[in-house]
Amino acid sequence: MRRGIAATALVATLALAATACGGDTKDDGGTNAGGELSGTVTWWDTSNDAEKASFQKIAEAFTAKHPKVTVKYVNVPYGDAQNKVKNAFSSGSDAPDVIRADVGWVADFASLGYLDEVPAETAKKVDAEFLPQAAASGKYEGKTYAVPQVIDTLGLFYNKKMLADAGVQPPKTLEELKSTAAAIKAKSGKAGLYLRGDDSYWFLPLIYGEGGDLVDAKNKTVTVDNAAGVKAFKTARDLVTSGAAVTNATDGYTNMQTAFKSGEAAMMINGPWAVADTYAGDQFKDKANLGVAAVPAGSVKAGAPQGGHDLGVYAGSKNRAAAHAFVEYMTSQEVQVQSAKDLSLLPTRTAAYEQPDVKGSEMVQFFKPAVDKAVERAWIPENGSLFEPLKVEYTKAITGASSPEDAAKTAGVEFRKILKGWK
Amino acid sequence: MAAHTSQSVAKAAGDDVENDAAARGLSRRTDSKAPGGTKGGLGRALATHWYAWTMIAPVVLVLGVIIGWPLVRGIYLSLTDANERNVSRTIGARHIEATYEFVGLDNYAAVLSDPVFLQRLVWTVVWTVACVSITFTLGLVLANMLNRDFRGRAAYRMALILPWAVPGFVSVFAWRFLFNRDNGILNKILDGGGIAAIPWLDDPTWAKFSVVAVNVWLGVPFMMVALLGGLQSIPGELYEAAEMDGASAWQRFRHITLPGLRAVSMTVILLSTIWTFNMFPVIFLLTRGGPGDSTEILVTQAFREAFVASPRDFAGSATWGVLILALLMIFALVYRRSLRKQGEVW
């Protein structure tokens, strides 16, 4: 009995590792060459609660163009998606045909052989008709594996009324942010900035602001622990200790949205994906109350990361022809304009920005120049895995559990474990 | 001795009940007549015990498939450099062959020389000791309170067992909402009482407190039910006799209840220790090991190794798994030995 339990406990751990190696699903990978497309395309979408209804409707409308194709829409929460997709892809069972992948995951999935190369014709179109920085995110070793669906970056969201009441302008630098926050606190007793402390993506503007970056892919060097990196960790800690920002080490996104929507915090750093949800808040019944500015600059510059989502087709999909057609449809100008209009998401096609619906969107008007200036990340397979160890150190630094110097140093050590052979 | 017993069982099982005694007699006679025998040891054992072997074969088979194979496979993986990039996999029509290599004990050397292992081990031990001791004490107190006659006893017992019936992840998520610093009900209540919000899951020390509290909450019903069963097996006459002799309540508890519960409590403590040591869901769902890595235990670390970084490090994770098993086996052996010294046999 006793040994049985001990062994079972271990087996649970080991079986996880073992079963992941035994993918043995067989399929012919056949495509419906020529003729009409048919079959089922399963799409795993990672969009948030405010966005998913709109995307489901758009996706299912694919049937109008291809009556014999059924679209099976599945919403996978973004937080679990990378793991879920990998589990499905590596075992081959119940794998989706099309996935919406964060731009940081594409190189990873492609390097593992999970993604089908985009047909040459489509790839050419991606190069010619899409924003170059968006197109870059779908490539791995010179080949195109995914088509960009939306592009985004971080900006400073602010509650116009709260700032006006306190008689301050949206801050342009972190120094200004501190005085702005103090004025808001004095006037309303509410927090100035809500800064996520549980996700290292929110750390990127701070490190870019000091002129640093996580890694230098060209020279295969880890840079998170250099002087700029240390400064960034110090800045994060300082924002909290100085009282300019409130933060949380758990459930940060929900808490941030709740605080901002209800007027408990006057500013937050977030991306276009949050706009639809933010408009639903009490404070933003009048949409005009929501203002967006560039992320506050550090001592060197203002820099926000380039993000977004690409659509990729599973290399083992049984219905690749239909899947690629679906990706083309979902990234078409028509669909992009629709989601810009409904959800304030930024198109990846250059020409879409000429459309009146896109031009007329205040959020797009703001975010487009921001995206043009956004810092492109290193599109390396390990891109996504860097965030986990960084999150641990960022949280420790921001909550004071470890010093900024130690946090930067440990992040560097962990990064070099992931990026074997890097300086 | 063993041979005699199994032989008689095997033969008896094959014969009618009336022949049982005769068969036993026969076997004894045969043995005494021809000690040693002519066949080889193994052959003879197979021939005489074939029935027993056939009976246990399905058990051996099932254990071999569901426990033995993954175990062996896991140990093997921990001696290689297998990861997501070099294991064999089939993607559609394409089959990729495995290219990982045998690396001996390199993984173990790497894990054991990393200070992270010691940090995780220390917290895992603290976490286990804290959870088990609090759960056991609470369970014992509650079991004693419930072990008397009063109206609605069954209803009370049901209510206390309820947390056990709720799926673990549901309770943990519920707790996560309660603990939320800005919008959680616990802080709302404190706020009503004029007490500043407590960073339940945001401060390393409070987070440790919180995970232990949730695990205790989840573990008490089991302890209580098990100990209640133990209490009911202690004969009432012992208490009556002690009372006649003028023993105080504490003396009765100390000299009758505790020794009477010995067999049950030793078992539940062992089980609870092993469960808590490997309690993945509470930690993972409540704090994801955070804030930072302050509540990360060995199993959540093993998960991190395998499923968070890319490429997923199967060999590294298997290494952690084998080390966890080794630790628990050492613990179980030491525990059993110490019990044996005290005269408990099981």
Side-chain angles (χ1 to χ4, degrees), chain A residues 2-21 23-29 83 86 89-90 92 108 111-114 116 197-198 248-251 254-255 258-259 264 314-318 320 381-382 384-385 388-389 391-393 395-396 399 401-402 418, chain B residues 66-67 70-71 73-75 77 82 84-85 87-94 96 98 176 179-183 199 201-204 207 270-271 274-275 278 287-294 299 302-304 306-312 314-315 317-318 320-322 324-325 328-329 332 336:
Chain A
R2 170 184 43 81
R3 194 160 296 162
I5 285 157
T8 315
L10 173 79
V11 164
T13 321
L14 295 181
L16 286 173
T19 49
C21 315
D24 56 358
T25 324
K26 298 258 189 305
D27 67 51
D28 55 15
N83 248 322
K86 279 191 160 193
F89 281 179
S90 62
D108 185 23
S111 73
L112 292 165
Y114 292 152
D116 198 29
D198 65 335
N248 241 339
T250 39
D251 289 323
T254 322
N255 284 333
T258 311
E264 287 298 315
Y314 176 43
S317 162
K318 289 195 177 99
R320 293 208 295 264
E382 295 84 0
S385 357
E388 191 60 28
K391 180 188 95 177
V392 170
E393 299 313 317
T395 307
K396 277 180 165 178
T399 56
S402 96
I418 296 170
Chain B
I66 67 170
I67 293 177
L71 187 65
R73 174 98 185 141
I75 293 171
L77 276 180
E84 200 175 16
R85 226 175 270 291
V87 296
S88 71
R89 54 199 189 277
T90 307
I91 299 162
R94 211 148 54 92
I96 301 166
R176 196 174 160 139
F179 278 138
N180 190 308
R181 195 189 62 193
D182 296 343
N183 309 304
L201 301 176
D202 295 341
D203 172 81
L270 180 72
L271 282 179
I274 292 170
W275 285 337
N278 285 337
T287 64
R288 298 245 158 183
D293 52 3
S294 55
V299 277
F303 176 84
R304 202 181 267 255
F307 294 109
V308 173
S310 180
R312 295 172 170 187
F314 301 133
S317 184
W320 282 81
V322 172
I324 292 167
L325 177 73
L328 284 174
M329 280 178 34
R336 199 172 74 157

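In the text below, chain A, chain B and the rest are named by the order of the sequence lines, each starting its count at 1.
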Peer 1: So, taking the atom named CG in Asp251(A) and the one named CZ in Arg288(B), what distance separates them when rounded to the nearest 0.5 Å?
Peer 2: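 Atom-to-atom, Asp251(A):CG and Arg288(B):CZ are 10.0 Å apart.
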
Peer 1: Specify the closest pair of heavy atoms between Ala249(A) and Leu201(B), including all atoms of both residues, with the distance to one decimal.
Peer 2: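 The pair with the smallest heavy-atom distance is CB-O, 4.3 Å.
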
Peer 1: Check ring pair (Phe, Tyr, Trp, His ring centres under 6.0 Å) between Tyr114(A) and all other residues, then give those that pass, not counting sequence neighbours.
Peer 2: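 Checked Tyr114(A) against ring pair (Phe, Tyr, Trp, His ring centres under 6.0 Å); matches are Phe89(A).
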
Peer 1: Against chain B, label Ser111(A) side chain, backbone, both or neither, depending on which of its atoms sit under 4.5 Å from a heavy atom there.
Peer 2: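 Both parts, heavy atoms under 4.5 Å.
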
Peer 1: Taking side chain to side chain contact (heavy atoms under 4.5 Å, CB included) as the definition, give me every residue that meets it alongside Asp293(B), ordered by chain and number, with sequence neighbours left out.
Peer 2: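 Asp293(B) satisfies side chain to side chain contact (heavy atoms under 4.5 Å, CB included) with Val392(A), Lys396(A), Arg120(B), Glu296(B) only.
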
Peer 1: Using non-hydrogen atoms and a 4.5 Å limit, figure out which bit of Thr258(A) sits close to chain B: side chain, backbone, both or neither.
Peer 2: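 The side chain, not the backbone.
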
Peer 1: Let me see the working for Thr250(A) and Phe179(B) under side-chain contact (heavy atoms from CB on, under 4.5 Å), right down to the final yes or no.
Peer 2: CA-CA 10 Å; Thr250(A) 39; Phe179(B) 278 138; over 6 Å; no

Peer 1: Do Thr399(A) and Asp203(B) get their side chains close enough for a donor-acceptor pair, meaning under 3.5 Å?
Peer 2: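 Result is no, nothing qualifies.
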
Peer 1: Tell me, out of Thr395(A), Asn83(A), Asp116(A), Ile418(A), who's got the most heavy-atom pairs with chain B below 4.5 Å.
Peer 2: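 Option with the greatest count: Asn83(A).
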
Peer 1: Roughly how far, to the nearest 0.5 Å, is CZ of Arg181(B) from CG of Asn255(A)?
Peer 2: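 It is 7.5 Å, given to the nearest 0.5 Å.
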
Peer 1: How long is the straight-line distance from NZ of Lys86(A) back to CZ of Arg312(B), given to the nearest 0.5 Å?
Peer 2: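 Rounded to the nearest 0.5 Å, the CZ-NZ separation comes out at 5.5 Å.
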
Peer 1: Which answer fits Leu112(A), side chain, backbone, both or neither, if we ask what part of it has an atom under 4.5 Å from a heavy atom of chain B?
Peer 2: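 Both parts, backbone and side chain.
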
Peer 1: Please round to the nearest 0.5 Å and tell me the distance separating atom CG of Asn183(B) and atom OG1 of Thr254(A).
Peer 2: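 Taking CG in Asn183(B) and OG1 in Thr254(A), the distance rounds to 9.0 Å.
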
Peer 1: If you round to the nearest 0.5 Å, how far is CG of Asp198(A) from OG1 of Thr287(B)?
Peer 2: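 With rounding to 0.5 Å, OG1 (Thr287(B)) is 12.0 Å from CG (Asp198(A)).
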
